[in-house]
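We name chains A, B, ... by the order of the sequence lines, and we start the count at 1 in each one.
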Amino acid sequence: MNNSETKTDTNSAAPKYDFHKVELYWQKKWEEDGLFTAPDMPDSDKEKFYMLVMFAYPSGDIHMGHFRNYIIGDAVARRELMLGKQVMHPFGWDAFGLPAERAAIKRNLNPADWTESNIGVSRETLQKVGISFDWSREVVTCRKDYYRWSQWLFLKLFEKGLAYLKEALVNWCPDCLTVLANEQVVNGICERCDSKVQKKELRQWYFKITDYADRLVDDLDKLSGWPDNVKSMQREWIGRSYGAEATFQVEDEKWNIPVYTTRLDTIYGVTFLALAPESKLAERLNLSDAKRKEIDDYRQEALLKTEIDRGSETDEKTGIFSGLYAINPFSGERIPIWIADYVLAHYGTGAVMGVPHNDMRDKAFAQKYNLPIRQVLKTADGSEISDGEVVTIENGITVNSGRFSDLPSSEAIESMSAFAEKGGFGKKTKQFKLHDWLISRQRYWGTPIPIIHCDKCGLVPVAESALPVELPIITDYLPKGRSPLADVASFTNVKCPRCNSNAKRDADTMDTFVCSSWYHLRYADPENKDALFNTDKANAWLPVDKYIGGITHATGHLIFFRFITKFLSDLGLINFDEPAKELFNHGMVSDSEGKVMSKSRGNVVSPIELMKERGVDVTRLAMYFTAPSDKEVLWSDAALVGVEKFLLNKVCNLADLYDAQNTDLKYHFKKSELTSAEWDLYVGLNQRLKRRQDDYDNLQYNTVIASMMELSRDIERAKAVKPELRNYAVRCLIQTLAPLIPHTAEEIWASLGFTKSIFLSGWPIADPDALVSQTITMGVQINGKVRGEISIAPDAIAEVALSEAKACESVIRHLEGKTIIKEIYIPGRVLNIVAK
RNA sequence: GCGAGAAUGGCGGAAUUGGUAGACGCGCUAGAUUUAGGAUCUAGUGUUUCACGACGUGGGGGUUCAAGUCCCCCUUCUCGCACCA
């Protein structure tokens, strides 16, 4: 395999090389040489680099989006390898989940077989793309050797009190017939099947991620390598707010209604309390039978509404008066208690104090039901409070607030909360929007929850030594609103490990986000039979240096991934508590009209077909060249045209410009030993190498390619330069492109006479002494407008530049009849003559 | 509604971060070559003007010798959140 084969192909742009042969040859060679196989522990004398792309659900074929994601990561990994680092670039499969179960139902297949065969197909395709994955580290989450450790993780969380069972209103998808985590509900719609999500009261398993809420927010500041938009999305999602709780005693009764407020300074303006219809507080109200019936009907109605229905009535708030009163602990006033559906049961205490004066929602409600509005704030700057506006804490002064009147809001909040705490009717608190993570799923194809329910002993964890709790092979996957495992007697009926009486296994399986919350660690030690991973290996390879994936995971996976990493850090299993130093969100791929590619639309372009027709490297190059990696790509096959010409007509012919007889592998030249034309070529080369360094760091491969197109033109034109210089330029060009077109680059590299892989050849570094050309053309401006250009040394003194400029015809013309007021000369940049 | 980001030729996109706007590629035009088509090569290609020139980075203002880049206002689009008290 040396010289590219020249074929006569009447349909082709140029002599075409047999890309299939070349691709196969090098893919096999890389594998045989173990080029991408990371060692158990990184060499101590080398820098390590852990390149991770989000693993995938094995759906069989890969599409353009996958293709793009993986080739971006591949370019990073290959360049890091060329930089001399020890690279780990693993891949695996997020293999549990609904599609397998659906296929099982529809085509009467076993989900395990279906999944495994899909993995086979997908893996083979990725191998054809030439992605530098270390397949020896592959993890598959639906295999026993993996999910046994997901179960172990569950047991540890359970042991630490961070996994618990709770009866609560949960998101229920009527189509999937399972519960969903908040992260899986988008605007009240099931993320998977687009049905309207309902509320259902169920006993479910939760992970207590709220215990980590503060750290999850605070540590975002440590993540300097994460994009700001992801960090602010996480901050928003976690939604920490500081405020105070205050309790209102129910009149003539012995219990209190607690409310959470960020504006304790407005408590003298409370004219009603509002309870969420589904809150326990509303249930507790001691009502007359007639009132109870009325309120129950109302609650029922509110409960039946889906989130969307409730959300769509944003301005139409409804409520009902309970007939009861509570006492404002500050003013002693009687406050009517209402039930209102604009109050959320799952936030704060499920009850709010209604202050129509300074809260738009309370105001809308008060206006609708004719409740009084009492002013308790004025602005510090004396400005009018316009309609639809509230007084901020920064700009508020209390009024009509008893002994707390005439205070700036922030001071009022401080002294009022101190007063409340002393009096035992309130205190400063904080709240989060983030809720505990609901992980139970009523599905078959997932990790079984390793818990046994015993009537006598309660919840009994399965012993670690008894793991894994294996998923039984079954035949009936049809959803019945409960886990299919619940009907498998041989699975559920067990003896209690503690008291040996008859007990039941938990029949639910875990959310697949549990599987993906620790896979990054398993890659460091994928075959470990005694632990999730070996601590030394994990500490050596992790954290991940660059993590690439879609923005869609900003508030789901990426929060769970951080949470579990922190948990394992707290267990002492690892010595870091953030999983990834850098995060990169690649742009999506849609069709040429900007529509998402989907089977139902029939607009799916298969990278597999393109690779077959045009070769892997042409397809890769087209994708890289179309746009920077973080931008959306509207895919069109037209993108292939230019880069194909470049690859076949220019890059593939570079060997012809290379003098293999000249074995001088010199790479740094001195100005004194080069002719002026040679020096120009050399400087142009080095300037490009320097710029492309940054482009690679930013994953901007489009400009790398543009720049190498220019370089190839320059090399072609510089026929009369020293062979060792031209050879050097050719080598730099191929090395710079190698991460993008790995097969072609290897092939050419070998044809130049090198026997070692190009990926072990190092990375061309710019010569710092050759970054400035001897002459540049500089624009000459008159009053800021370009009127001519001069050819000048970049470091020429002002006098020289001026005299050159004044000799320039168009400059003379524009200066005619004007007096020069000022001359601004920035060497190497611009000359601007100000004249009047 | 709130928050973030974006807007540059016919198209995808460049622009050393305040210094010759439109690199590179596509497309288009003309020419060369070819029996022809395809392919290849050369030249041209922001708008306008016969030309000198004028105008030009969504719109309007400003700062500056100099603005795609910085500041203010507006429009449109994308994304995220959306009764979070």
Side-chain angles (χ1 to χ4, degrees), chain A residues 9-14 186-188 227-237 239-241 243 259-263 266 274 307 310-311 313-317 340-344 346-349 351-355 358-362 364-365 388 431-434 551-552 554-555 588 592 594 622 625-628 631-636 638-643 645-646 649 687 690-691 694 700 702-710 713 771 776-790 810 813-814 821-826 828-835:
Chain A
D9 181 342
T10 45
N11 284 321
S12 160
V186 181
N187 289 328
D228 288 336
N229 62 337
V230 172
K231 286 191 278 189
S232 72
M233 279 162 77
Q234 292 209 353
R235 227 172 253 123
E236 270 289 303
W237 187 264
R240 180 168 60 191
S241 83
V259 299
Y260 171 75
T261 178
T262 53
R263 301 302 302 269
T266 65
E307 288 281 327
R310 250 167 102 166
E313 293 165 17
T314 304
D315 20 333
E316 201 45 45
K317 304 190 190 322
D341 71 350
Y342 79 94
V343 182
L344 304 172
H346 56 70
Y347 182 77
T349 61
V352 303
M353 57 182 216
V355 183
N358 207 51
D359 185 289
M360 294 330 293
R361 298 153 300 185
D362 296 344
F365 188 79
Q431 283 293 331
F432 297 93
K433 289 190 209 171
L434 181 76
I551 185 75
T552 44
T555 51
M588 299 294 152
S592 53
F625 190 57
T626 301
K631 275 201 68 167
E632 184 188 12
V633 161
L634 306 189
W635 179 258
S636 150
L640 294 156
V641 177
V643 294
K645 280 192 227 169
F646 173 59
N649 300 348
Q687 286 174 334
K690 185 162 186 286
R691 290 287 305 285
D694 295 342
Q700 289 211 11
N702 56 333
T703 47
V704 173
I705 295 164
S707 181
M708 290 305 107
M709 286 171 166
E710 291 170 336
R713 181 200 58 201
L771 293 172
I776 54 163
T777 51
M778 180 189 282
V780 178
Q781 301 179 340
I782 292 165
N783 293 331
K785 295 198 174 180
V786 180
R787 296 303 182 186
E789 42 181 49
I790 51 176
S810 55
R813 198 168 51 230
H814 280 94
I821 297 168
K822 206 169 161 189
E823 285 139 353
I824 294 139
Y825 175 60
I826 316 284
R829 295 281 171 94
V830 81
L831 171 66
N832 189 8
I833 300 169
V834 186

Check: Has the side chain of A/Lys317 got a donor or acceptor atom sitting under 3.5 Å from an opposite partner on the base of B/C83?
Finding: yes
Check: Starting at CG of A/Leu640 and ending at P of B/C11, how long is that distance when rounded to a whole Å?
Finding: 21 Å
Note to self: Side chain of A/Arg691, heavy atoms from C-beta onward: which of B/G25, B/A15, B/G19 has the nearest atom to it?
What the structure shows: B/A15
Notebook entry, point to check: Paired with B/G3: which nucleotide, if any, by Watson-Crick or G-U wobble criteria at under 3.5 Å for both distances?
Noted result: B/C79
Margin query: Rounded to whole Å, how long is the line connecting atom CG of A/Asn783 with atom P of B/A66?
Written below: 8 Å
Margin query: Only pairs with both distances under 3.5 Å count, Watson-Crick or wobble alike; so what is the partner of B/C11 in this structure?
Written below: B/G25
Check: Could you state the CH2-P distance from A/Trp635 to B/G25, rounded to the nearest angstrom?
Finding: 17 Å
Check: Quick one: is B/C81 close enough that its OP1 or OP2 comes under 4.0 Å of any side-chain N or O from A/Arg235?
Finding: no
Note to self: Please report the distance separating the P of B/G9 from the corresponding atom of B/A54, rounded so that it comes out in whole Å.
What the structure shows: 22 Å
Next item on the list: Just call it for A/Ser241: base, sugar-phosphate, or nothing, with non-hydrogen atoms closer than 4.0 Å on any strand.
Entry: sugar-phosphate
Notebook entry, point to check: B/A15, B/G19, B/U20: which one has an atom nearest the side-chain heavy atoms of A/Val786?
Noted result: B/U20
Next item on the list: Between B/C65, B/U40, B/A14, spot the one nearest the side chain of A/Thr703, thanks.
Entry: B/A14
Margin query: Are the side chains of A/Glu632 and A/Leu634 in contact, using a 4.5 Å heavy-atom criterion?
Written below: yes
Next item on the list: Would you tell me if any nitrogen or oxygen in the side chain of A/Arg787 comes within less than 4.0 Å of OP1 or OP2 on B/A54?
Entry: yes
Next item on the list: Would you mind reading off the distance between A/Gln700 atom CD and B/G12 atom P, rounded to a whole angstrom?
Entry: 17 Å
Check: Atom CD1 of A/Ile551 to atom C1' of B/G5: distance rounded to whole Å?
Finding: 11 Å
Check: Picking from B/U40, B/G13, B/A85, which would you name as closest to the side chain of A/Asp359?
Finding: B/A85
Check: For atom C1', what is the distance between B/G62 and B/G18, given to the nearest Å?
Finding: 16 Å
Note to self: Judged by each residue's nearest nucleotide on RNA chain B, which is more toward the 5′ side, A/Ala638 or A/Leu831?
What the structure shows: A/Leu831
Notebook entry, point to check: Would B/U35 be called syn or anti, given that syn covers angles within 90° of 0?
Noted result: anti
Notebook entry, point to check: In whole Å, what separates the C1' atom of B/U8 from that of B/U69?
Noted result: 12 Å
Check: Atom NE2 of A/His346 to atom P of B/A82: distance rounded to whole Å?
Finding: 9 Å
Checklist line | B/G61 glycosidic torsion: syn (within 90° of 0) vs anti | finding: anti
Check: Out of B/A85, B/C65, B/G19, which has the shortest distance to the side chain of A/Ile826?
Finding: B/G19
Next item on the list: If B/C65 has a Watson-Crick or G-U wobble mate with both distances under 3.5 Å, name it; if not, just say none.
Entry: B/G19
Item checked: Separation of the P atoms in B/G5 and B/A51, to the nearest angstrom -> 45 Å
Notebook entry, point to check: A/Lys822 has a side chain; which of B/G80, B/G19, B/C65 sits nearest to it?
Noted result: B/C65
Check: If pairing requires Watson-Crick or G-U wobble contacts with both distances under 3.5 Å, which nucleotide is the partner of B/G37?
Finding: none
Checklist line | Nucleotide of B/A85, B/G12, B/G19 approaching A/Phe625 most closely (side-chain heavy atoms) | finding: B/G12
Check: In terms of side-chain heavy atoms of A/Tyr342, which of B/G19, B/A4, B/A85 is nearest?
Finding: B/A85
Notebook entry, point to check: OP1 or OP2 of B/C65 sitting under 4.0 Å from any side-chain N/O of A/Lys785?
Noted result: no
Note to self: For B/A85 and A/Tyr347 - does any side-chain N or O of the residue sit under 4.0 Å from the phosphate oxygens OP1/OP2?
What the structure shows: yes
Checklist line | Atom pair CZ/CG of A/Phe625 and A/Leu640 - distance to nearest 0.5 Å | finding: 12.0 Å
Margin query: Can you check the distance between B/A7 and B/G56, where both ends of the measurement are the C1' atom (answer in whole Å)?
Written below: 16 Å
Notebook entry, point to check: Any side-chain heavy-atom pair from A/Asp359 and A/Thr266 closer than 4.5 angstrom?
Noted result: no
Notebook entry, point to check: Would you say the side-chain atoms of A/Gln687 pair up with the backbone N or O of A/Leu771, donor to acceptor, closer than 3.5 Å?
Noted result: yes
Notebook entry, point to check: What is the distance from CD of A/Glu632 to C1' of B/G5, rounded to the nearest Å?
Noted result: 14 Å
Item checked: Nearest heavy atoms of A/Gly779 and A/Val830, plus distance in Å -> O-CG2, 3.7 Å
Next item on the list: Can you tell me, in whole Å, how much space there is between the P of B/G27 and that of B/C73?
Entry: 44 Å
Notebook entry, point to check: Among the nucleotides B/G53, B/C81, B/C65, which one has an atom lying closest to any side-chain atom of A/His814?
Noted result: B/G53
Next item on the list: Determine the Euclidean distance between corresponding P atoms of B/G61 and B/A14; express it in Å to zero decimal places.
Entry: 29 Å
Item checked: Nearest listed nucleotide, side chain of A/Lys645, among B/C65, B/A4, B/C26 -> B/C26
Check: Looking across every strand, which nucleic acid part, if any, lies under 4.0 Å from A/Thr261 by heavy atom: base, sugar-phosphate, or nothing?
Finding: sugar-phosphate
Notebook entry, point to check: Closer to the 5' end of RNA chain B via nearest nucleotide, is it A/Arg813 or A/Ser707?
Noted result: A/Ser707
Checklist line | Whole-Å C1' distance, B/G31 and B/U76 | finding: 44 Å
Next item on the list: Could you tell me the separation between the CD atom of A/Glu789 and the CE atom of A/Met778, rounded to the nearest 0.5 Å?
Entry: 11.5 Å
Check: Which base, if any, makes a Watson-Crick or G-U wobble pair with B/U42, both distances under 3.5 Å?
Finding: B/A30
Notebook entry, point to check: Has A/Thr626 got a side-chain N or O lying under 4.0 Å from the OP1 or OP2 atom of B/G13?
Noted result: no
Item checked: Side chain proximity check, A/Val704 to A/Gln700, heavy atoms < 4.5 angstrom -> no
Item checked: Rounded distance [0.5 Å steps], CG in A/Asn702 versus NZ in A/Lys631 -> 9.5 Å
Check: With a non-hydrogen cut-off below 4.0 angstrom, is A/Glu710 in contact with a base, only sugar-phosphate, or nothing?
Finding: sugar-phosphate
Note to self: Does the structure show a Watson-Crick or G-U wobble partner for B/A54, both distances under 3.5 Å? Name it, or say none.
What the structure shows: B/U47
Note to self: Less than 4.0 angstrom between a side-chain N/O of A/Asn702 and OP1 or OP2 of B/A14, yes or no?
What the structure shows: yes
Margin query: Measure CZ/A/Arg829 against P/B/C65 and give the value in whole Å, please.
Written below: 18 Å
Next item on the list: Describe the nucleic acid contact of A/Gln781 in one word from base, sugar-phosphate, nothing, applying a heavy-atom distance below 4.0 Å.
Entry: base
